[in-house]
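For reference, the structure is listed below as structure tokens.
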Amino acid sequence: MEFAILGPLEVRTRTGNRIRLGGARQERLLAALLLNPGGAVPVPRLVDAVWEDRPPATADRQVRNLAGLLRRAFRKADPTGPPVLLTDGRGYRIPLDDHGLDSRLFADTVARSRRTAAAGQQSAAAAGLRQALSLWRGPVLDGLEGQLIDSGAVPLDELRLTAWEDCLDLDAALGRHRASIPELTGLVTDHPLRERFVGQLMRALHASGRTADALTVHRRFTGRLAEELGLDPSPELRRLHLALLTAGVVPDPGPGSGGAGPSTGPPAAGARTAAPRTAGRPGGPAEERDGTARATATARDDAGPEAATAEGGHGPRPAVPVPVPAQLPPSLATFTGRAAELAALDAFTEAAASPAPSSPGSRTGPGSASAARICAVSGSAGIGKSALVVQWAHRIRGRFPGGQLYADLHGFSAEPPLTPHAVLARFLRALGVPGEQVPGAPEEAAALYRSMLADRRVLVVLDNARSAEQVRPLLPAAPECLTVVTSRAGLAGLTARDGARPLTLDLMPAPDAVALLDRVIGTRRARSEPAAVAELASVCGRLPLALAIAASRLAERPGRTVADHVAELRDSGNRLTALAIDDDAASAVRAALDLSYRTLPAAARTLFRLLSLAPGPGLTAAAAAALCGERVAVVRPVLDQLANAHLLTHAGGDQYRLHDLLRLYAAERAAAETGRAVSTAARERLGTWYLHHADAAARLLTPHRRRIPLGAPGPWYEPPAFTTAAGAQRWCESEHGRLLGMVRSAAEHGPDALAWRLPVVLWSYWFTGPHLEDREEAARLAVAAAVRAGDRYGEGQARNDLATALGALGRHDEMLAELRLARVLFAEIGDRVGEAHAIGNLGDHCLGTGAYGQARLHFQGALTLFRAQPEEQRDDWAVRVCETNLGVTAMLAGRAREAGEYLYRALDRHRSTGDPVLEGITLYHLGDHHRRLDRPAEAAARLRQCLAVLDATTRNPRLRAEVLAALARLGEAAGPPDGQGRPGG
């Protein structure tokens with residue numbers, strides 16, 4: 001069959017004959033299946049698609065009848081064709097491997113065209129996108145209505161528009177500007193707030209010689225954006241607008257206009273730069289001409305020996321021009337982004353450059369504010385601190401007519417850090433103090449420096465500072481001056497003691513990182529491989545230094561694709577080596593990180609190396625303590641040292657993280673400086689910490705369930721802070737990614753005992769959570785580890801857990817195979833409780849396949865086996881699960897009285913043992929039981945009780961979603977498909 005949804009719904013046979021469907025309900029049912037291509041759609045979702053919020057009481061049965069009608073229509077139209085509509089677990093699906101769907105063809109064609117574009121074949125890519133767009137005959141499922149259909153159409157509509165945008169970008173790159181104007185004009189009319197179309201139309205108009213029209217388009221768009229949404233255009237569109245304005249005719253400046261605008265400082269502020277007559281007394285009046293202050297005082301008759309020249313000559317010193325200092329280094333031509341940080345610095349400047357409000361009778365002007373202004377910009381190596389501050393300083397230097405002083409303090413450099421006195425001497429000479437008159441005592445030099453700046457408005461940039469002590473003597477006292485310090489250290493002392501305002505730089509946002517690459521390698525080249533450019537930004541960790549190095553290497557090799565460069569960085573055994581410039585070793589990422597690492601105390605260096613062993617970029621202080629084999633109180637100050645050095649980010653609360661390149665660097669240092677035995681022991685301690693924390697969580701989530709033996713942790717271990725099921729659930733959710741990472745790490749590095757035990761312990765969390773694929777992956781790794789270790793008990797546990805994961809995913813044949821293996825393993829080693837678990841889960845498998853009689857026999861058999869064990873070995877939790885599932889089995893088989901007895905008895909037992917997980921599941925089934933008995937009020941009461949239990953304790957997101965859906969349908973339609981939400985075990 002060939003299905004078409006990109007327009008009105010159509011179904012045709014392989015020979016092109018159109019199939020007429022039986023009515024609107026069949027069309028909506030088919031539409032819901034086609035909007036989920038290849039996947040199974042549960043019956044409740046199909047009910048919603050067909051009837052929206054007003055389904056009849058027999059909606060489940062009617063859906064099955066509609067499915068049967070569709071099957072007959074397809075079979076009649078194509079008797080020899082492959083099956084079209086299949087029953088799949090809890091619903092239906094259409095196997096699209098055997099049939100065609102225009103939306104899937106559209107998506108595949110777009111993806112193929114984008115790969116073609118990334119390979120540099122722009123013309124072919126544009127043609128492919130045009131071919132894909134030609135598949136659209138109108139809006140998705142035109143003529144059909146409904147919330148589910150509307151929501152399913154949204155991603156297809158968005159893919160269509162982005163494909164159209166990509167196609168028009170390719171047309172522009174191929175020089176088809178004039179031809180695209182009519183098409184773009186229509187698109188902007190249809191989508192007036194879609195900024196990319198607006199930008200494309202502006203570029204096409206400008207390239208066609210119609211810049212004025214392009215500016216009109218911009219004006220209309222910005223007006224509408226502000227009026228309808230209250231928003232401003234993006235920075236990219238603002239840059240485009242500015243470029244178009246610059247490309248037009250710019251009128252000549254009028255008489256007397258200047259580039260910097262009117263001065264905001266005091267009159268003749270720059271004139272106070274004449275050379276002082278003595279070290280302690282600034283010189284007399286001076287006049288400012290062309291930016292240069294020229295001394296006008298002449299030697300008087302009584303000018304003493306100080307009037308002699310430095311060479312020993314006699315007579316008055318000639319007038320020497322002293323320029324206003326303008327020491328800022330050039331700003332980077334490739335500087336990109338950092339809009340939020342620039343805005344923060346601008347806001348700080350407003351407070352620093354404007355005189356403080358004066359009170360009646362007070363003096364206004366310089367010195368009227370109460371304190372000097374200081375801003376401390378910190379961040380890790382290569383984060384772009386210097387580039388940001390220099391860029392911003394050039395923007396605002398006109399506000400500081402007294403000049404701009406700059407010094408690289410070499411705080412983190414191959415050269416020794418500069419002493420404060422050495423910097424003071426440089427600054428004093430720049431301010432006009434002759435070298436021989438610079439005081440030799442640091443305190444005197446600092447005093448003269450403050451005196452020279454007392455009535456000036458000067459910007460002081462102190463770059464690459466090592467510590468607050470290095471910076472403090474260089475701070476002006478004048479409130480009209482502004483000082484900006486950059487450092488890899490946090491400089492908390494400047495904040496606490498000197499009132500500095502801190503600004504911490506993080507990694508570049510992804511769009512800014514891509515824009516930086518675009519700027520260096522060229523827009524056309526970047527836009528020909530947008531996916532590769534985005535991946536390159538990710539591989540470089542969005543660290544500006546790494547981005548600049550990668551971009552410069554690409555710029556030097558114009559024939560190389562961005563994708564090839566990304567592949568080199570990913571495949572390189574040492575990415576940090578690749579992120580270097582051949583003739584500038586000091587600019588390499590590794591060299592920059594080396595300078596920070598070497599300044600750390602020994603304990604901080606050790607911890608930094610061990611952090612690379614953690615599974616993932618982040619961890620808690622307690623986990624870091626486990627790596628070291630120390631108590632948390634010992635390790636936390638060391639973590640703070642790393643965070644202050646910006647070699648680690650404090651992510652709030654008890655959380656810390658390493659960005660990607662720092663993690664690579666830490667791993668590199670660990671390989672070079674930490675022995676294998678030390679690394680192995682640290683990794684095993686961390687795994688043991690996660691194992692015992694997860695076991696503590698499991699004891700709260702599934703009380704009285706049989707536990708596997710773990711052994712005792714080391715003396716460094718501290719028990720978890722959570723003490724309730726809700727707290728345990730929150731801990732598991734917050735650590736989910738790291739728990740899975742620890743399983744993967746143990747599977748790769750060992751020990752195998754940890755690799756199978758951790759997933760088995762985590763079953764209590766994962767069986768109620770939404771992470772079904774992660775649960776399956778962990779269980780498969782556990783099976784493999786137990787097999788490697790030859791641990792048949794571990795293999796039985798792991799296979800049993802893998803079976804429950806497969807059952808939750810609806811893969812019942814695979815579930816059955818694993819359960820049979822687990823049952824044999826348990827029987828061979830004489831583990832009767834394990835065998836009973838496997839038998840009980842065979843009952844769960846039978847429930848999932850509708851074999852209710854067999855399910856009942858398995859649950860009863862498991863109960864008999866459990867109860868035959870000595871009391872100290874009996875698994876009370878599993879017993880209660882089997883009793884609950886016997887109630888579910890009776891309910892589904894239509895034995896209402898028996899179902900109620902089992903379920904209410906199970907509910908009482910769950911409550912008496914304090915088991916919120918099974919209590920919630922049983923309340924859900926009781927709600928379903930009363931709904932089937934046509935008792936809507938009682939059903940709703942049980943479902944609301946279930947929600948209350950979930951909200952107060954474990955949440956159980958999958959069950960919560962089912963309860964909400966059941967409440968929404970209660971009294972009007974049947975509940976969820978049979979067997980949904982059983983506990984299993």
Side-chain angles (χ1 to χ4, degrees), residues 232 235 238-239 242 260-261 263-265 325-356 369 371-409 411 453 456-465 468 471 474-476 478-492 494-496 498-509 511-513 515-516 542-545 548 646:
D232 294 324
R238 292 200 297 269
R239 286 193 293 271
L242 180 61
S263 171
T264 59
Q327 297 182 336
L328 295 174
S331 57
L332 288 178
T334 56
F335 181 86
T336 305
R338 297 295 190 194
E341 291 85 355
L342 287 168
L345 287 169
D346 283 341
F348 177 65
T349 311
E350 292 296 332
S354 300
R373 282 16 179 219
I374 309 164
C375 183
V377 180
S378 62
S380 66
I383 204 75
K385 303 177 293 295
S386 300
L388 168 71
V389 168
V390 170
Q391 177 79 14
W392 165 79
H394 277 287
R395 283 175 40 174
I396 54 92
R397 65 180 181 177
R399 300 188 180 191
F400 297 91
Q404 305 90 46
L405 297 171
Y406 172 89
D408 180 351
L409 303 183
L453 299 185
R456 297 187 186 185
R457 184 172 289 171
V458 175
L459 173 64
V460 181
V461 178
L462 303 174
D463 199 7
N464 194 13
V471 168
L474 307 176
L475 300 175
E480 296 296 333
C481 293
L482 184 147
T483 306
V484 184
V485 186
T486 75
S487 179
R488 298 185 190 184
L491 302 182
L494 280 185
T495 302
D498 302 284
R501 182 175 299 178
L503 175 64
T504 302
L505 264 61
D506 203 346
L507 300 173
M508 294 189 80
D512 286 355
L516 190 154
R542 295 185 282 116
L543 186 72
L545 175 61
H646 291 286

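Computation of the quantities below employed the complete heavy-atom set of this structure, encompassing side-chain atoms and omitting hydrogens, waters and symmetry-equivalent molecules. Since the structure is predicted, the reported quantities are computational estimates derived from the model, not experimental observations.
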| query | Between the side chain of Lys385 and the main-chain N/O of Thr504, is any donor-acceptor distance below 3.5 Å? | reply | no
| query | Hey, what do you get for CG (Leu345) to CD1 (Ile396), rounding to the nearest 0.5 Å? | reply | 8.5 Å
| remark: side-chain contact (heavy atoms from CB on, under 4.5 Å) filter on Ser487, not counting sequence neighbours, yields Phe412, Ala465, Ala489, Leu491
| task | Please answer whether the main-chain N or O of Arg457 pairs with a side-chain N or O of Glu480 as donor and acceptor at a distance below 3.5 Å. | result | no
| query | Are any of the side-chain heavy atoms of Arg373 and Cys481 separated by less than 4.5 Å? | reply | no
| Can you tell me how far the CG atom of Leu494 sits from the CZ atom of Arg501, to the nearest 0.5 Å? | 14.5 Å
| message | Show every salt bridge (charged side-chain N to carboxylate O under 4.0 Å, His left out) that has at least one partner inside residues 332-341, sequence neighbours left out. | response | Arg338-Glu341
| query | Do Asp498 and Val471 touch side chain to side chain, with heavy atoms closer than 4.5 Å? | reply | no
| request: Just jot down the salt bridge (charged side-chain N to carboxylate O under 4.0 Å, His left out) partners of Arg395, sequence neighbours excluded, or say none. | output: Asp346
| query | Any side-chain heavy atom of Phe335 within less than 4.5 Å of one from Leu388? | reply | yes
| Test item: His646 side-chain N/O and Asp506 main-chain N/O as donor-acceptor pair under 3.5 Å | no
| query | Atom CD of Gln404 and atom CG of Leu482: how far apart are they, to the nearest 0.5 Å? | reply | 11.5 Å
| request: May I have the step-by-step check of side chain to side chain contact (heavy atoms under 4.5 Å, CB included) for Phe348 and Leu503, ending in yes or no? | output: CA-CA 11 Å; Phe348 177 65; Leu503 175 64; over 6 Å; no
| request: Flag the pair Leu405 / Val458 as yes when at least one side-chain heavy-atom distance between them is below 4.5 Å, and no otherwise. | output: yes
| task | Identify the heavy atoms of Ser331 and Val390 that sit nearest to each other, and give their distance. | result | CA-CG1, 3.9 Å
| task | Could you give me the CA-CA distance, side-chain angles and deciding distance for Leu474 and Val460, then say whether side chain to side chain contact (heavy atoms under 4.5 Å, CB included) is met? | result | CA-CA 9 Å; Leu474 307 176; Val460 181; 5.8 Å; no
| said: Looking at every heavy atom in both Ala393 and Leu459, which two are closest together, and how far apart are they? | reply: CB-CD2, 3.7 Å
| request: Kindly indicate whether the side chain of Leu543, heavy atoms from C-beta on, has any atom under 4.5 Å from the side chain of Ser380. | output: yes
| message | Distance check, rounded to the nearest 0.5 Å: Asn464 atom CG versus Leu409 atom CG? | response | 7.0 Å
| Nearest atoms (heavy-atom pairs only) where Pro544 meets Gly384 | CG-N, 4.3 Å
| field | Worked check of side chain to side chain contact (heavy atoms under 4.5 Å, CB included) between Leu462 and Thr483 | value | CA-CA 7 Å; Leu462 303 174; Thr483 306; 3.9 Å; yes
| said: Could you check whether any side-chain heavy atom of His394 comes within less than 4.5 Å of a side-chain heavy atom of Leu328, counting everything from C-beta outward? | reply: yes
| Which atom of Ile374 lies closest to which atom of Leu475, heavy atoms considered | CD1-CD1, 3.7 Å
| What are the two closest heavy atoms between Leu342 and Gly337, and how far apart are they? | CD1-O, 3.9 Å
